[in-house]
Each structure stands twice: as C-alpha cells, then as structure tokens.
2 protein chains.
Amino acid sequence: MRLTTKGRYAVTAMLDLALHADRGPISLSDISKRQEISLSYLEQLFSKLRQNELVSSVRGPGGGYRLSRPADQIFVAQIIDAVNESIDATNCGGAGNCQKGQVCLTHYLWCDLSEQIHQFLSGISLASLVARKDVKSVSERQDAEESQENEEKKNREQKLQLM
Amino acid sequence: MRLTTKGRYAVTAMLDLALHADRGPISLSDISKRQEISLSYLEQLFSKLRQNELVSSVRGPGGGYRLSRPADQIFVAQIIDAVNESIDATNCGGAGNCQKGQVCLTHYLWCDLSEQIHQFLSGISLASLVARKDVKSVSERQDAEESQENEEKKNREQKLQLM
DNA sequence: AAATACTTGACCAAATTACTAGGTTATAAG
DNA sequence: CTTATAACCTAGTAATTTGGTCAAGTATTT
C-alpha cells in the first residue's frame, strides 16, 4: 500500500488546479507557491499526470496546466494511481503468488481492504472536493496570503525604482 | 499511510497464532517455518505485540506465544497499530498543522480516508478471519506441508542412525 | 547443568521518496 | 526578432524506511 506525500501532493495540486480553473492555464510555479511544493517535484508529478491524460499543458508565457476534462469526471483514485502505480494493499500486487506461488494466509484480507479503499477514493471527484466548505475556506485563506505576498512584492519593486 | 510488509507480517503471524491456539503456546520458529517470515524479524514484531498486550509469552522449552485474549476480541487494526505506529493517512499525523501551522488543502480528505480504513480494519477480528473458508483452506495446506517436511526430516535422521 | 526460547540492541543493505540542479525546447509578449 | 516565460527532460542525491542479520544477553524448564 503506497500512500505517501507523493500521492498527497498530486491530489493537492490537482485540487488547486480545479479551484483556479477559471483563471485559464495555471503555472506550476503558482501551485508551488500556494501549496508549498517544490517546483521541480511538481514538474515530475505533472509529467505523470499528463501521461495519464488527467491534465493538458500550454507552453510558453502565460501557459501552464489545465484539467483535461471537467472536475466531476476526475477522481482521487485516478490521481493517486497516476503518480503512485497502485493503491493495492496486497504484497503480491493482487497476483496471489505470495507464498511459494500460492496465496498467503492473509491474501484475501488485503484484497478486501484494497477494494474498500479503491471504492472510497473512486467515489470522490475533484468537483465534490471543490464544493466542500472546509476546502473552500482553506483555499480562500491561501488566495488571500498569495495576493498579500504579491502586494508586498510590488511595493518592494516600487521602492527600488524610486532609488 | 503505512501499510507495508511489516503490518501484513504481523497480522499473518497473529492469525497463525489464532489458528493453532489449541496446540498451546506457539514458538516463533514454528510460525517462521509456516509463514516464511524470518525468525529475527518475527522477534522484533512480537516484542511490539507483547508491549501492546496482544500476546503473552511463555519462556523455556515448550514455550512460545499465545493470544492475550480471545480471538474475537483482537482486531486487525490493533495489530497494525501495534507494529506500525498508525494507519493515519494524513501527513501531519492528524494534527492539522500541515501548512504553516494551519491545515492544508486536502487535510480533511485524508482524515476521512483514515477514518474509513480504520473502521474497516477495526471491524475485522482474528476470530472472523479464522472462520473464513479461504483462510481455512490456506491454513490446511500450510499444515499439510509442515507435517510433510517433518516426516522427511524424521526419515533423514533415521537413515543417518542406520549408517 | 544443559537445552530451549524469549529479549534487546546495534547494525546494515536495498529501495524508495522527496527534492535539487541543470539543462532543452516551445511560444507569447514586447 | 529578441526575450522572457514556462513546460519538459535527465541526472543525481540526501534522507528515510524497510526488511532484515548478528550477537549477546536473560529466563525457564527438563
């Protein structure tokens, strides 16, 4: 079972994309600032997300990434699968050859668990996350922090020009 | 989220214990042979299981481990918790300080997932696993292999004595 | 006393993760 | 047409985790 920062980052970044979809293509450096994920790492993750056709890219200035389809058709399980190979809880990868080519004692338990997790995460779309109150409030906080930082940056630049 | 071979081994070993409870204390070397888990590794796992009062040990010849309470009062979630710290899916360990001391965008999603997994694994007792047909059949296979190996070993020893 | 079996802790190799560095394209804006 | 921007690509690497080994105990029964 793999669910580490990698999968979490991917879902967070995709959610950020969904939340700001109205701004046109979103650059990774924007996501990097808002979600505090290293830019180079994001690039690697988005390479996989693009290969799995979850996002499409626009190159050049003003470019970035956008969701490849509506947010209600992208599910958390797909995102994790894209960057993380699988959310399979068995050791044998579901093959059933865990002990001398035959199934091990707990094989079916882990199959059941995998099924359970997969069903849960397959039922959650980006759209449903965007609609959540708690997500909205965190997102508003982040946007506020972002524009505040931009403001400060602008002020610093003005001061420099005056000198 | 940590669910690796470690947790799987622990559950498998505990299930082996439950399956052979009628034989009295079970030595780790028995479990090691049947489940193909390294003895030294089992020792580490059982040290933690004992600290969490899931098993009790009997020392000396004929000793081994037994479940510290009936199999219907031991749940998979407890076993994994014992060896694996937690089955928490959040990055912050549930603290909610994932981003600059505040919650990150996907915090609540991972909380929900943790809850989901925990509920599922908390509902599965060792007794319910023992009762499963598929588990029984794997266990019978393992016991057959074990006694076959013992037979062969005995034969080899007899041959040696005749020489 | 000898054999058996649990206990502890140090140690280690391989894999994985999370991240950095340093490029090269493609393209829109100036 | 130049330049800045941002995607894209390829390596490398530090830290962590995993899954284990080894050695030296301690306790208990026969």
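Proteins get letters first, then strands, A, B, ... in listed order; numbering begins at 1 in each.
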Peer 1: Do the side-chain N or O atoms of A:Lys6 get closer than 4.0 angstrom to the phosphate oxygens (OP1, OP2) of C:dT17?
Peer 2: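 Answer is yes, contact under 4.0 Å.
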Peer 1: Report the distance from atom CZ of B:Arg66 to atom P of C:dC6, rounded to the nearest whole Å.
Peer 2: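 So the CZ-P distance, B:Arg66 to C:dC6, works out to 12 Å.
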Peer 1: Which whole-number value in Å describes the distance from B:Leu42 CG to D:dG20 P?
Peer 2: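 About 10 Å, once rounded to whole Å.
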Peer 1: Roughly how far, to the nearest 0.5 Å, is OG1 of B:Thr12 from CG of B:Leu129?
Peer 2: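 B:Leu129 CG to B:Thr12 OG1: 10.0 Å, rounded to 0.5 Å.
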Peer 1: B:Ala82 and B:Leu54: which non-hydrogen atoms are nearest, and at how many Å?
Peer 2: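 Closest heavy-atom pair between B:Ala82 and B:Leu54: CB-CD1, 3.8 Å.
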Peer 1: Salt bridge (Lys or Arg N to Asp or Glu O under 4.0 Å): which pairs involve residues 108-134 of chain B, sequence neighbours left out?
Peer 2: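 Found A:Asp112-B:Arg132, A:Arg132-B:Asp112, B:Arg132-B:Asp134.
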Peer 1: Measure from the side chain of A:Ser38, starting at C-beta and using heavy atoms only, and say which of D:dG20, C:dC19, C:dA18 lies closest.
Peer 2: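 Selected nucleotide: C:dC19.
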Peer 1: Under a plain distance cut-off of 3.5 Å, with no hydrogens placed, do B:Ser114 and B:Trp110 share a side-chain donor-acceptor pair?
Peer 2: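 Looking only at side-chain atoms, B:Ser114 and B:Trp110 do not form any donor-acceptor pair under 3.5 Å.
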Peer 1: Distance check, rounded to the nearest 0.5 Å: A:Leu42 atom CG versus A:Ile37 atom CD1?
Peer 2: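 Between A:Leu42 CG and A:Ile37 CD1, I get 5.0 Å after rounding to 0.5 Å.
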Peer 1: Nearest whole Å is fine: how far is C:dC6 C1' from B:Leu49 CG?
Peer 2: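 After rounding, the gap between these two atoms is 14 Å.
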Peer 1: Hey, does A:Val103 have a side-chain heavy atom less than 4.5 Å from the side chain of B:Arg141?
Peer 2: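 Yes. Closest side-chain heavy atoms under 4.5 Å.
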Peer 1: With a 4.0 Å cutoff (strictly under), does any side-chain N or O of A:Tyr9 reach OP1 or OP2 of C:dC19?
Peer 2: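 Answer yes for this pair, as a side-chain N or O of A:Tyr9 is under 4.0 Å from OP1 or OP2.
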Peer 1: Would you call the rings of B:Tyr9 and B:Tyr41 parallel, tilted or perpendicular, taking 30° and 60° as the class edges?
Peer 2: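 Perpendicular.
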Peer 1: Starting at atom OH of B:Tyr41, determine the distance to atom P of C:dC12, rounded to an integer number of angstrom.
Peer 2: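 Rounded to whole Å, this separation is 18 Å.
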Peer 1: If a protein heavy atom is under 4.0 Å from the base, mark B; if only from the sugar-phosphate, S; if neither, -; do that for nucleotides 1-11 of chain D going 5' to 3'.
Peer 2: ---BBSBBB-B
Peer 1: Between the two ends of the helix from C:dA1-D:dT30 to C:dG30-D:dC1, what is the bend in degrees, rounded to 10 degrees, where each end axis spans five pairs?
Peer 2: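 Inter-axis angle at the termini of the helix from C:dA1-D:dT30 to C:dG30-D:dC1: 10°.
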Peer 1: Crowded around B:Glu53 CD? As in, over 12 foreign heavy atoms under 6.0 Å?
Peer 2: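 No, CD of B:Glu53 has 12 or fewer neighbouring heavy atoms, counting only those of other groups under 6.0 Å.
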